[in-house]
Amino acid sequence: HPPSATMPGTVDKIIASKSPSQPEKAEIAVEGAERRYRDLRIDNTLVDEHGDDVKLKKGAHVEVTVATKDHS
């Protein structure tokens, strides 16, 4: 496994997209990050372990994992 760090976070808000072709965004407040870097925005299009589409909801508790990329 590549080196990684996992931090807890909470979905702060859901941001509607400005056009139908763009997915909505989930803004996640990452605990333990510096204040000016703690808000992470991702497309709110996730897939669960069964391959089904799921969306994050405001207030959901999540884990944010940062991992190095294997270049070998």
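In this structure, the side chains of Ile15 and Arg41 come closer than 4.5 Å at one or more pairs of heavy atoms. With a 4.5 Å cut-off on side-chain heavy atoms, Asp53 and Val47 count as touching.
Here the CZ atom belonging to Arg36 is positioned 14.5 Å from the CZ atom belonging to Arg38, to the nearest 0.5 angstrom. Remark: Glu27 CD to Leu56 CG distance equals 12.5 Å, nearest 0.5 Å. Going from atom CD of Glu63 over to atom CD of Glu31 covers 10.5 Å, rounded to the nearest 0.5 Å.
Hydrophobic clustering (ILVMFWY, side-chain heavy atoms < 4.5 Å, transitive): Val66 and Ile42 are in one cluster. Val54 and Val62 fall within a single hydrophobic cluster, where Ile, Leu, Val, Met, Phe, Trp and Tyr side chains are chained together by heavy-atom contacts under 4.5 Å. Following chains of ILVMFWY side-chain contacts shorter than 4.5 Å, one can reach Leu46 starting from Val30, so the two form part of one hydrophobic cluster.
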For side chain to side chain contact (heavy atoms under 4.5 Å, CB included), just list the numbers for Thr6 and Val64, CA-CA rounded to whole Å, side-chain angles, deciding distance to a tenth of an Å, and then say yes or no. CA-CA 5 Å; Thr6 301; Val64 177; over 6 Å; no
Can Asp12 and Asp39 be said to form a side chain to side chain contact (heavy atoms under 4.5 Å, CB included), step by step? CA-CA 8 Å; Asp12 225 11; Asp39 291 331; 4.2 Å; yes
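Nearest heavy atom pair, residue Ala26 against residue Val11, reads CB-CG1, 4.4 Å. For Thr45 against Pro23, the heavy-atom pair with the smallest separation is CG2-CB, 3.7 Å.
Side-chain contact, Thr65 with Ser4: no donor N or O sits under 3.5 Å from an acceptor N or O.
The side chain to side chain contact (heavy atoms under 4.5 Å, CB included) test with Lys25 singles out one residue from Ile14, Asn44, Asp43, and that residue is Asp43.
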